[in-house]
Amino acid sequence: MTPVPDRLLDRALRRAAENCAQSGQLAFTGRQLYYETDRTLFPLHRGPHRLRYTTRPLLSAERFAAALARRPELDVLPDALPPAPHRPGPEGDLYDYAFPRLLVCQDPGIAGMLRANRLHLEGACPVLTPDRLPLDDRLLAAMERAEGAVVHVLHDASPAGLEFFLRVRAHAGSRLRVRTAGLLPRHAAALHLAALRGQPRCHVEELPAELPAAERAWLAGGRVAELAAVRPARLLRAVLRTVRGGGFAPPARPAAPTRARDTGFLTWPTP
């Protein structure tokens, strides 16, 4: 494939930043901008909605990084955040209240993006990252005081994402409802997301047996669809609708997430 000229790449980057920001109203990460730039240059996602398929990013990460370095004025959130210090001090009485919902996000960069767009305020839902596991006992106790409290888990469509859900559920214990709210291969295909290839493979037997065979094969083949591949506005709408809607998963089963309600479907807005 003929390399994209820098001039064309810079133009696509600018347009992608405008798309991500939605007229300057939204904050977004560099990774989200990468996927949007790739879509702008190579609109493989514009296929018929009746078809289910994923694409692959054609823009190299190195060329994107170089283009982004040429536009230092772009206000992009970092993809990697240092672990936030635990602050058990003066606000300890916070845990005297009841929390009806909690969101644990596998990707720290996406968690930062959700907070930057005030999802935790609009959804009245704390947003935590993996470094906060195991969950604080006081937080679990506060959730147990709220009737119907739900722990939502937002994760990539990947074996690691499914494992992350199981880890959160194990930390939350059997007294709390834990619902996956992340991506699965079926969502990535419905949205025509760009999926990474060449990721570490795993054996099909290691994946949830209740997943459709095609999805297990997709995951076992070393493909990964990241949350960052979803457009920022769409991701925010889907997550906000999920946490506001409450709901709950069936009682925790020892097996991996399976059925629609606890396989973590977000009702993703249609393209």
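Count residues from 1 along the sequence. Basis for what follows: all heavy atoms, side chains included, without hydrogens, waters or symmetry-related copies. Keep in mind that this is a model prediction, so the values were computed, not measured.
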Short side-chain to backbone donor-acceptor contact, Q32 and T29, under 3.5 Å: yes
Any side-chain heavy-atom pair of R169 and V151 under 4.5 Å: no
Spacing of L154 atom CG and Q106 atom CD [to the nearest 0.5 Å]: 8.5 Å
Qualifying residues under side chain to side chain donor-acceptor pair (under 3.5 Å), relative to R201, sequence neighbours excluded: none
Salt bridge (charged side-chain N to carboxylate O under 4.0 Å, His left out) partners for R71, two or more places apart: E73
L33 CG to D75 CG distance, which is reported to the nearest 0.5 Å: 11.5 Å
Qualifying salt bridge (charged side-chain N to carboxylate O under 4.0 Å, His left out) pairs with a residue from residues 16-43, counting only residues at least two apart or across chains: R31-E226, E36-R39, E36-R231
Residues that A141 engages under side chain to side chain contact (heavy atoms under 4.5 Å, CB included), provided they are two or more places apart: R145
Contact check, side chains of L176 and L102, non-hydrogen atoms, under 4.5 Å: no
Close side-chain approach of L59 to L9, heavy-atom, < 4.5 Å: yes
Salt bridge (charged side-chain N to carboxylate O under 4.0 Å, His left out) partners for R52, two or more places apart: none
Heavy-atom side-chain contact between P57 and L196 under 4.5 Å: yes
Under the side chain to side chain contact (heavy atoms under 4.5 Å, CB included) test, residues paired with A220 that sit two or more places apart: C202, V204, L207
Residues in salt bridge (charged side-chain N to carboxylate O under 4.0 Å, His left out) contact with D6, at least two apart in sequence or another chain: R63, R70
Approximate separation, where rounding is to 0.5 Å, of L77 CG and I110 CD1: 9.5 Å
Side chain N117, main chain L119, donor-acceptor under 3.5 Å: no
Residue pair L211 / R186, side-chain heavy-atom distance below 4.5 Å: yes
Over all atoms of both residues, closest heavy-atom pair of P232 and F28: CG-CB, 4.0 Å
Test side chain to side chain contact (heavy atoms under 4.5 Å, CB included) applied to R167 - qualifying residues, sequence neighbours left out: L133, E163, F164, H171
Any residue meeting salt bridge (charged side-chain N to carboxylate O under 4.0 Å, His left out) with E206, in chain and number order, not counting sequence neighbours: none
Results of side chain to side chain contact (heavy atoms under 4.5 Å, CB included) for P43 - residues two or more places apart only: H45, R46
Approximate separation, where rounding is to 0.5 Å, of L219 CG and S158 OG: 7.5 Å
Student check: side-chain heavy atoms of E122 and R244 closer than 4.5 Å: yes
Between CG on residue L8 and CG on residue L13, distance to nearest 0.5 Å: 11.5 Å
Test side chain to side chain donor-acceptor pair (under 3.5 Å) applied to E144 - qualifying residues, sequence neighbours left out: R175
Gap between atom OG1 of T55 and atom OH of Y35 - 0.5 Å precision: 9.5 Å
Taking every non-hydrogen atom, the tightest pair across T54 and W218: OG1-NE1, 3.8 Å
Residue pairs fulfilling ring pair (Phe, Tyr, Trp, His ring centres under 6.0 Å) with at least one residue in residues 50-70, sequence neighbours excluded: Y34-F64, Y53-H192
Side chain to side chain, L58 and L41, heavy atoms closer than 4.5 Å: no
